[in-house]
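Accompanying notes for the structure given below.
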Amino acid sequence: MSHVRVRFAPSPTGTLHVGGARTALFNWLYARNQQGIFILRIEDTDQERSTVESHAQILRSLRWLGLDWDEGPEMGGAFGPYVQSERRAIYAQYAQRLLDEGLGYHCYCAPDELAQRRAEAMAQGRPPGYDRRCRTLTDEQRRRFEAEGRAPVLRARMPDEGVTKWTDLVHGETEFQNTVLDDWVALKSDGFPTYNFGAVVDDGLMEISHVLRGDDHISNTPRQIVLFKAFGFRAPKFGHLPMILGPDRQRLSKRHGAASAEEFRDAGFLPQALVNYLALLGWSPGDNREVFTTEQLIKAFSLKRLNNTAAVFDLEKAKHINAEHMKLLPTSAKVELAWPILLARGLAHEGDEAARIRLGRVIEIMGNRFSNLGDIPTHLACYFTEDYSVDPQGASVLDEAARERVHMLAAAYQKLPVFTAKIAEGVLRELATNLQVDAGDLIHPARYALSGRTVGPSLFAAMEVLGQKTVVARLRRPKVS
RNA sequence: GUCCCCAUCGUCUAGCCAGGCCUAGGACACCACCCUUUCAAGGUGGGUACACGGGUUCGAAUCCCGUUGGGGACACCA
């Protein structure tokens with residue numbers, strides 16, 4: 001029985017970001033690899049920014065990626081509740097302990113006062129942290145602040161000397177001088193815990209064994225360790241994962257294009273492909289494998305193979321991994337995925353069996369030409385409707401002379417009593433010979449006339465699917481736009 | 001400004017911990033060729049990297065120090 005208990009603890013203030021998805025994935029992979037427990041905890045202590053929509057969206061994104069949790073929202077568990085706003089009584093209890101044991105104190109400094117003092121400190125080259133002014137308040141001063149109507153925050157008292165260290169799972173020995181740890185806010189004036197406080201209480205109570213999170217949390221870690229010790233919790237092991245950056249080496253964000261799991265889904269990515277690509281950002285199997293099913297990832301995953309260098313998100317590589325996963329899919333699976341897309345685009349209707357069978361044939365002859373589900377409507381529309389789009393870039397293949405040849409082909413096809421791929425090919429080649437042109441001079445224009453594309457399946461297979469009538473009609477009057 | 005993290009092809013990375021097997025391997029992208037009725041796929045080949053400077057050592061991509069560069073944190077945000 002494994003003692004691994006890991007968690008993903010997003011705050012519901014936006015979509016599930018690529019960085020968050022990667023963090024969730026690594027925790028999940030570790031839990032599954034170790035037969036441990038993966039916990040989802042929602043950190044909604046910021047009343048201003050947390051939304052129920054975001055909460056729902058994050059859950060949806062995790063499910064889409066296939067990252068299922070063993071304890072958490074909509075699931076429950078022995079360590080709940082798993083939503084921080086429902087745990088306020090617990091935080092109040094631990095806040096009281098801080099007060100009782102002299103590990104915390106009320107602070108009445110107003111935000112604007114703090115901001116000003118911080119700016120001054122930075123200007124003078126001093127550490128910008130809290131100046132500990134309220135550490136030594138007299139009862140008299142306290143009463144005066146209360147009378148002014150100031151609502152206090154609770155600050156956690158950090159040690160004045162010594163060092164706090166831990167062995168980071170990815171960085172190794174890491175230490176901070178305690179003097180750089182300022183007395184941070186544990187409980188806000190609205191009574192909600194801050195991130196650092198809520199995380200310590202919850203990780204302690206939920207018996208979290210390993211915390212895998214982004215590098216941007218390194219400086220929070222010593223502050224949290226001090227509290228873990230103060231409360232007598234066994235501190236989890238910490239691992240700080242390298243950041244994911246945009247092509248400009250800045251933190252990845254919406255400016256860089258798709259940055260949330262949902263956007264990748266909408267762009268036609270397969271969830272298992274995104275998972276695969278994300279796993280390769282900050283982790284490697286050590287051999288030269290790159291294409292993994294999620295099951296294979298679980299088997300291969302190891303904390304030892306985490307790396308510590310920030311990684312630039314490469315959309316091209318992500319697309320490539322997606323294409324590899326598309327190749328792995330049997331036709332039947334592609335049909336399952338493509339069918340709803342066709343329905344959504346109005347290219348077919350629920351219960352239209354003929355269309356569904358046709359879809360299977362088209363996908364079959366398309367072979368590996370799909371690298372993305374998003375390609376489906378543009379590439380397949382011409383098999384289901386006359387209202388398909390034409391690629392203007394390819395129009396040059398259908399010039400005046402080509403148009404004439406295509407018309408002759410239409411005439412030849414019209415007379416055919418039976419129309420199959422083989423027969424269509426024979427007729428076309430014979431015509432090419434008679435016209436003394438290369439078969440390609442007939443094939444390329446014909447493809448464009450039939451599909452509006454220069455890219456597509458074998459022409460004759462496509463003709464067979466389209467059927468004689470449609471082929472003849474389109475060859476006679478090719479769409480121009 | 002203070003503290004922290006990082007540094008191998010354009011990008012993701014292997015190699016680093018236990019120095020020699022590295023004239024540095026793989027992948028994406030790019031280029032060329034092959035296959036082919038097109039594109040894609042596939043095949044073959046190609047160019048491109050150990051940031052810099054010192055040390056330690058018989059020997060350093062690998063260990064140490066410094067420099068430079070990049071990133072992060074410094075909120076009653078998480």
Side-chain angles (χ1 to χ4, degrees), chain A residues 9-11 13 43-46 48-50 107 109-111 114-115 118 121-130 151-155 168 170-172 174-177 179-182 184-196 198-199 213-222 240 242-243 245 247 249-251 277 280-291 304-305 307-321 323 327 366-371 394 397 425 428-429 432 438-444 446-448 453-460:
Chain A
S11 64
T13 55
E43 308 212 327
D44 60 343
T45 58
D46 185 339
E48 302 273 293
R49 299 194 301 156
S50 297
C107 166
C109 297
L114 291 168
R118 193 179 307 124
M122 278 169 97
Q124 290 169 27
R126 286 183 288 121
Y130 180 61
V153 299
L154 174 69
R155 284 189 185 272
D168 196 274
V170 350
H171 297 290
T174 308
E175 62 172 59
F176 280 76
Q177 294 295 323
T179 48
V180 307
L181 271 29
D182 65 344
W184 47 277
V185 174
L187 229 46
K188 306 184 234 179
S189 56
D190 65 3
F192 277 87
T194 58
Y195 166 70
N196 277 320
R213 61 182 12 164
D215 257 351
D216 50 339
H217 285 295
I218 288 185
S219 59
N220 286 321
T221 303
H240 292 92
M243 301 273 87
L245 312 175
R249 301 217 129 256
Q250 296 297 116
R251 224 187 162 121
Y277 178 67
L280 264 16
L281 254 30
W283 173 85
S284 78
D287 49 36
N288 286 331
R289 286 180 299 164
E290 289 199 315
V291 180
K304 288 201 181 69
R305 299 215 51 91
N307 78 17
N308 58 3
T309 318
V312 173
F313 189 96
D314 183 357
L315 186 60
E316 288 308 315
K317 180 102 179 206
K319 284 180 181 167
H320 167 78
I321 296 288
K327 284 186 209 164
M366 281 296 285
N368 286 335
R369 288 175 183 82
F370 288 129
S371 59
V397 300
E425 178 167 7
L428 182 143
R429 288 189 188 282
D438 286 341
D441 292 334
L442 219 34
I443 286 165
H444 302 308
R447 168 174 292 104
Y448 190 74
R453 318 257 125 212
T454 54
V455 178
S458 164
L459 179 66
F460 308 109

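Protein chains get the first letters and strands the later ones, always in sequence-line order, with residue 1 at the start of each. Atom set for the values below is all heavy atoms of this structure, side chains included, hydrogens, waters and symmetry mates excluded.
- Counting to the nearest Å, the C1' atom of B/rC12 and the CD1 atom of A/Ile321 are 9 Å from each other.
- Closest approach to the A/Asn368 side chain among B/rA41, B/rA78, B/rC5 is made by B/rA41 (side chain taken as heavy atoms from C-beta onward).
- Annotation: of the two residues near RNA chain B, A/His217 and A/Gly129, the 5′-most nearest-nucleotide partner is A/Gly129.
- Checking the phosphate oxygens (OP1, OP2) of B/rU37, no side-chain nitrogen or oxygen of A/His444 falls inside 4.0 Å.
- For A/Glu290, counting side-chain heavy atoms from C-beta on, the closest listed nucleotide (B/rG72, B/rA27, B/rA29) is B/rA27.
- Note on A/Thr45: a side-chain N or O is less than 4.0 Å away from OP1 or OP2 of B/rA78.
- Remark: B/rC17 base-pairs with no nucleotide; criterion is Watson-Crick or G-U wobble with both hydrogen-bond distances under 3.5 Å.
- When the C1' atom is compared between B/rU62 and B/rG15, the two are found 8 Å apart, to the nearest whole Å.
- Between the C1' atom of B/rA29 and the CZ atom of A/Phe313 lies a distance of 15 Å, rounded to the nearest Å.
- Within the 4.0 angstrom heavy-atom criterion, only backbone atoms of the sugar-phosphate kind lie near A/Leu114; the bases stay farther away.
- Between the CG atom of A/Asp287 and the C1' atom of B/rG15 there is a distance of 13 Å, rounded to whole Å.
- OP1 or OP2 of B/rU11 has not a single side-chain nitrogen or oxygen of A/Lys319 nearer than 4.0 Å.
- Of the N and O atoms on the side chains of A/Thr221 and A/His240, at least one donor lies less than 3.5 Å from an acceptor on the other residue.
- Listed candidates were B/rU13, B/rU11, B/rC28. Nearest to the side chain of A/Ser284 is B/rU13.
- Nearest nucleotide to the side chain of A/Glu425, out of B/rU37, B/rU11, B/rA27: B/rU37.
- Residue contacts shown for A/Ala311 are limited to sugar-phosphate atoms, with no base heavy atom under 4.0 Å away.
- The two residues A/Arg429 and A/Ala439 come nearest to each other via the heavy atoms NH1-CB, 3.5 Å.
- Listed pair A/Arg251 / B/rG70 fails the phosphate criterion, with no side-chain N or O lying under 4.0 Å from OP1 or OP2.
- Taking both residues in full, the closest heavy atoms of A/Pro457 and A/Met366 are given as CD-SD, 3.3 Å, listed atom of the first, atom of the second, then distance.
- The side chain of A/Arg155 places no N or O atom within less than 4.0 Å of a non-bridging phosphate oxygen (OP1 or OP2) of B/rA75.
- As judged by a 4.0 angstrom heavy-atom cut-off over every strand, A/His240 is placed among residues making no nucleic acid contact.
- Distances shorter than 4.0 Å separate some side-chain N or O of A/Arg118 from OP1 or OP2 on B/rA75.
- Annotation: A/Gln124, atom CD; neighbour count of heavy atoms from other residues, nucleotides and ligands within 6.0 Å is above 12.
- Residue A/Asp216 contributes atom CG, which lies 15 Å from atom P of B/rA75 at whole-angstrom precision.
- Closest approach to the A/Leu459 side chain among B/rC6, B/rG70, B/rU37 is made by B/rU37 (side chain taken as heavy atoms from C-beta onward).
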Test side-chain contact (heavy atoms from CB on, under 4.5 Å) on A/Phe192 and A/Asp46; report intermediate values, then the result. CA-CA 8 Å; A/Phe192 277 87; A/Asp46 185 339; over 6 Å; no
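- Counting non-hydrogen atoms under 4.0 angstrom, A/Asn307 reaches the backbone sugars and phosphates but no base.
- Using a 4.0 Å heavy-atom distance criterion, A/Thr454 is classed as a base contact.
- Across all strands, A/Arg213 comes closer than 4.0 Å to no nucleic acid atom at all (heavy-atom distances).
- Taking atom C1' on both B/rC28 and B/rU68, the two are 29 Å apart, rounded to the nearest angstrom.
- Base pairing analysis places B/rA51 opposite B/rU67; the two distances defining the Watson-Crick or G-U wobble pair are each below 3.5 Å.
- For the P atom pair drawn from B/rU37 and B/rC30, the interatomic distance equals 24 Å after rounding to whole Å.
- Across all strands shown, A/Val185 has heavy atoms under 4.0 Å from sugar-phosphate atoms exclusively, and none from any base.
- Positionally, the nearest nucleotide of RNA chain B for A/Lys327 lies more toward the 5' end than for the other of A/Ser219 and A/Lys327.
- Residue-level contact check: A/Arg289 touches neither bases nor backbone, having no heavy atom under 4.0 Å from any strand.
- Among the nucleotides B/rA40, B/rU11, B/rU37, the one closest to the side chain of A/Arg369 is B/rA40.
- In the set B/rU37, B/rC5, B/rA78, the nucleotide with an atom closest to the side chain of A/Thr174 is B/rC5.
- Residue A/Lys188 places at least one side-chain N or O under 4.0 Å from the OP1 or OP2 atom of B/rC77.
- In this structure, A/Glu43 reaches the sugar-phosphate backbone alone: every heavy-atom distance under 4.0 Å involves primed, P, OP1 or OP2 atoms, never a base.
- Taking the C1' atom of each, B/rA27 and B/rC9 are spaced 12 Å apart, rounded to whole Å.
- Comparing B/rA51 with B/rG70, their C1' atoms sit 11 Å apart, to the nearest whole Å.
- Distance from the side chain of A/Phe176 is smallest for B/rC3 among the nucleotides B/rC3, B/rC5, B/rC77.
- Spacing between B/rG59 and B/rU13 at atom C1', rounded to whole Å, works out to 27 Å.
- Pair assignment for B/rC28: B/rG10, on the basis of Watson-Crick or G-U wobble contacts that are both within less than 3.5 Å.
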Start with the C-alpha gap between A/Lys188 and A/Thr194, add the side-chain angles, then the distance that decides, and say whether side-chain contact (heavy atoms from CB on, under 4.5 Å) holds. CA-CA 7 Å; A/Lys188 306 184 234 179; A/Thr194 58; 3.9 Å; yes
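- Pairing of B/rA41, defined by two Watson-Crick or G-U wobble distances under 3.5 Å, is not identified with any nucleotide.
- Within 4.0 Å (heavy atoms only), A/Leu281 reaches sugar-phosphate atoms of the nucleic acid but no base atom.
- For B/rC22 and B/rA14, the C1' atoms lie 11 Å apart once the distance is rounded to whole Å.
- Across all strands, A/Gly282 comes closer than 4.0 Å only to sugar-phosphate atoms, never to a base (heavy-atom distances).
- For A/Tyr277 (side chain) and A/Leu315 (main-chain N/O), no donor-acceptor pair under 3.5 Å exists by modelled atom type.
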Intermediate values then yes/no, side-chain contact (heavy atoms from CB on, under 4.5 Å), A/Val397 and A/Arg447: CA-CA 9 Å; A/Val397 300; A/Arg447 168 174 292 104; over 6 Å; no
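- A/Asp216 has its side chain within reach of A/Met243: a pair of non-hydrogen atoms, C-beta onward, lies under 4.5 Å apart.
- Nucleic acid contact class of A/Phe460 (heavy atoms, under 4.0 Å, all strands): base.
- A donor-acceptor contact under 3.5 Å is formed by the side chain of A/Ser458 with the base of B/rU37.
- For A/Pro128, the listed nucleotide lying nearest its side chain is B/rC74; candidates were B/rC74, B/rU2, B/rG71.
- Within 4.0 Å of A/Thr309, counting heavy atoms only, lie sugar-phosphate atoms of the nucleic acid but no base atom.
- At a threshold of 4.0 angstrom between heavy atoms, the contacts of A/Asn288 include nucleobase atoms, whether or not backbone atoms are also involved.
- In this structure, A/Pro242 and A/Asn308 have side chains that are not in contact, with every pair of non-hydrogen atoms separated by 4.5 Å or more.
- Between B/rU57 and B/rC63, the two C1' atoms lie 10 Å apart (nearest whole Å).
- Taking the side chain of A/Lys317 as heavy atoms from C-beta on, and the options B/rC28, B/rU38, B/rG71, the nearest nucleotide is B/rC28.
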